Each structure stands twice: as structure tokens, then as C-alpha cells.
Amino acid sequence: MDVNQKELAAILGITDRRIRQLKNEFGLFSKGMTEGKKVKNYCLEKCVPEYINYKLEAEVQQGTNCIKEKEQAEHEQIKKKISILKLRKLKRELHEADDVEEFLTDMLVNFKNRLLSVPQKVAPLIVSEDDVNVILDVLEKEIFQTLEELSEYDPLKIDKESTSQILEEMEDEEDDEGG
């Protein structure tokens, strides 16, 4: 079935100008043209599938661009989170789990040993005492000294890595990303 440019535009839901534009820019509808006496007509059976294919390709291309942009945005978000974590690590607000586990294990082993040594330390001091208050004071003093060890948190003791090592790692990673 042959139709003119205006009818083809109405069928496809676009303007006549867009028909001309698609024909000139993308070569659409050229194969579907039939030359009559003075009027150029379009073969509807060829033009409609051609236009549908053009729209599908444009949609797929746009979808591919959207997916790529989304992935790039997600990648940038991940890089931002990693940078924040590294900054917190530099500020000693964040520690490696292995380092914390090792630090706590050492601290608790030392604490256990100190607690177990309290009776041997205190026994000679209180063996000759009859006054309960003096015995309590000696015991209390020794227990507070032992507990004092638990309150000594030092972030520098937890981290095995120094600040310079962390900065070197960050520079190496930046070099790897850049090259």
C-alpha cells in the first residue's frame, strides 16, 4: 500500500518534517519509496518495520548508556566509601578486625595474669593484719590497679600499620587506578 509523506507521518505518529529528517539523516524510508508520475509515495509495508527497527535500536542504545552511567555512579560511590574508611583508619577511628582481636586477646591475657597474681601479692601484706578495714583497703587498692590496665586504650597500640604505611598503600592504589 502506497502512502504519501503526510499519511506516513500520521500512521507513525510523527510529523512530516521528522519523516524528511529521518530520511536525510539516517536514510530511513528510502527503500520504501515508489516513484509515481509527480508524487513520491512510500510503501507502507516497508516503511513501518524500518521505523520500528530504528526506534528499537535507539531504545537499546539509550538503555546501554543508562546502564553504563549507573555502573559508573555505583563505582564512584564505592570509591567514596573506601576513601572515607581509609580516612577514618588514618584518624585512628577505624581498625582492622584482626588487629583489634589480637589487641584484646593480649589485653585480656595480661588482665587474667594480673588477677591471678593478686592473692600472691596481697597475702604477705594482710597475713598479720587483724583489722578488716586495712585488709579491705589493701585488696581494693590492688584490684583497682589491676582494673586500671583495662582502661588504658591506645589506638596506636591496636594498629600494626603506621600512618606512613597506610599512606603508601593509598598512593599505590591510586597509581594502579590511574595506569
Side-chain angles (χ1 to χ4, degrees), residues 12-14 18 21-22 25-26 28 49-179:
L12 296 178
I14 55 178
R18 184 68 179 145
Q21 205 177 26
L22 290 170
E25 288 180 25
F26 301 105
L28 259 56
E50 194 175 358
Y51 181 71
I52 290 172
N53 287 336
Y54 162 76
K55 290 300 277 183
L56 285 173
E57 286 176 23
E59 197 68 33
V60 167
Q61 183 65 32
Q62 185 180 4
T64 304
N65 289 341
C66 288
I67 291 170
K68 185 177 178 183
E69 288 173 9
K70 183 179 177 185
E71 286 177 0
Q72 285 176 333
E74 287 173 358
H75 180 69
E76 289 301 315
Q77 282 289 81
I78 291 169
K79 283 172 53 177
K80 180 181 175 184
K81 288 178 183 178
I82 290 171
S83 295
I84 290 169
L85 291 174
K86 286 181 180 178
L87 178 62
R88 289 188 63 208
K89 190 172 181 181
L90 280 172
K91 290 181 174 182
R92 306 290 185 205
E93 296 172 354
L94 183 69
H95 306 286
E96 294 288 332
D98 293 339
D99 294 345
V100 172
E101 184 179 347
E102 186 178 329
F103 175 79
L104 286 175
T105 301
D106 290 346
M107 186 177 76
L108 291 173
V109 166
N110 291 339
F111 179 68
K112 175 188 166 196
N113 292 336
R114 290 272 318 253
L115 272 180
L116 292 174
S117 71
V118 167
Q120 291 145 356
K121 228 184 219 182
V122 174
L125 299 173
I126 61 172
V127 75
S128 61
E129 283 295 331
D130 291 335
D131 188 4
V132 175
N133 290 331
V134 173
I135 294 172
L136 287 175
D137 286 341
V138 170
L139 283 172
E140 194 174 274
K141 179 182 171 189
E142 190 60 36
I143 289 173
F144 277 127
Q145 285 178 350
T146 304
L147 287 172
E148 189 73 28
E149 189 173 309
L150 280 180
S151 67
E152 294 175 10
Y153 164 74
D154 183 7
L156 296 175
K157 288 182 182 177
I158 293 178
D159 285 328
K160 291 181 183 176
E161 293 180 299
S162 66
T163 303
S164 60
Q165 287 173 315
I166 297 169
L167 289 173
E168 285 175 19
E169 282 179 17
M170 290 174 68
E171 287 173 1
D172 290 345
E173 288 173 8
E174 287 175 4
D175 291 343
D176 291 345
E177 288 176 5

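Position 1 is the first residue of the sequence, and the numbers go up from there. What you are looking at is a predicted structure, and each value in this text was computed from that prediction instead of being measured.
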**Message:** Run Lys91 and Arg88 through side chain to side chain contact (heavy atoms under 4.5 Å, CB included) and show every step you take.
**Reply:** CA-CA 5 Å; Lys91 290 181 174 182; Arg88 289 188 63 208; 5.7 Å; no

**Asked** Looking at residues at least two apart in the chain, or sitting in another chain, which of them share a ring-ring contact (aromatic ring centres under 6.0 Å, His included) with Tyr54?
**Response**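 Phe26.
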
**Prompt:** Quick one: does Asn110's side chain have a donor or acceptor within less than 3.5 Å of a partner on Asp106's backbone?
**Reply:**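 Looks like yes, one N/O pair under 3.5 Å.
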
Could you give the distance from [atom1] ([X]) to [atom2] ([Y]), rounded to the nearest 0.5 Å?
X	Y	atom1	atom2	result
Glu96	Phe103	CD	CZ	15.5 Å
Asp131	Ile126	CG	CD1	12.0 Å
Glu57	Ile52	CD	CD1	12.5 Å
Glu93	Ile84	CD	CD1	11.5 Å
Glu148	Ile143	CD	CD1	14.0 Å
Ile14	Leu22	CD1	CG	5.5 Å

**Message:** Atom CG of residue position Asp130 - does it have more than 12 heavy atoms of other residues, nucleotides or ligands inside 6.0 Å?
**Reply:**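 12 or below, so no.
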
**Message:** If you count every heavy atom of other residues, nucleotides or ligands that lies below 6.0 Å from Glu59 atom CD, does the total exceed 12?
**Reply:**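 Open.
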
**Request:** In plain terms, say whether Glu76 and Lys79 are close enough for a salt bridge, that is, a side-chain N and a carboxylate O under 4.0 Å apart.
**Result:**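 Salt bridge flag = yes for Lys79 with Glu76.
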
**Prompt:** Are Lys68 and Glu71 side-chain neighbours, meaning at least one heavy-atom pair lies under 4.5 Å?
**Reply:**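 Lys68 vs Glu71: side chains apart.
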
**Message:** With heavy-atom distances below 4.5 Å as the criterion, would you say the side chains of Lys80 and Gln77 are in contact?
**Reply:**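 The answer is yes; the side chains approach within 4.5 Å.
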
**Request:** Locate the shortest heavy-atom distance separating Pro124 from Val127; write the atom from each residue and the value.
**Result:**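 Taking Pro124 first and Val127 second, the nearest heavy atoms are O-CG1, 3.7 Å.
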
**Prompt:** Which pairs pass side chain to side chain donor-acceptor pair (under 3.5 Å) with one or both residues in residues 137-146, sequence neighbours excluded?
**Reply:**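 Applying side chain to side chain donor-acceptor pair (under 3.5 Å) to every pair that reaches into residues 137-146, excluding sequence neighbours, yields Lys121-Glu142.
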
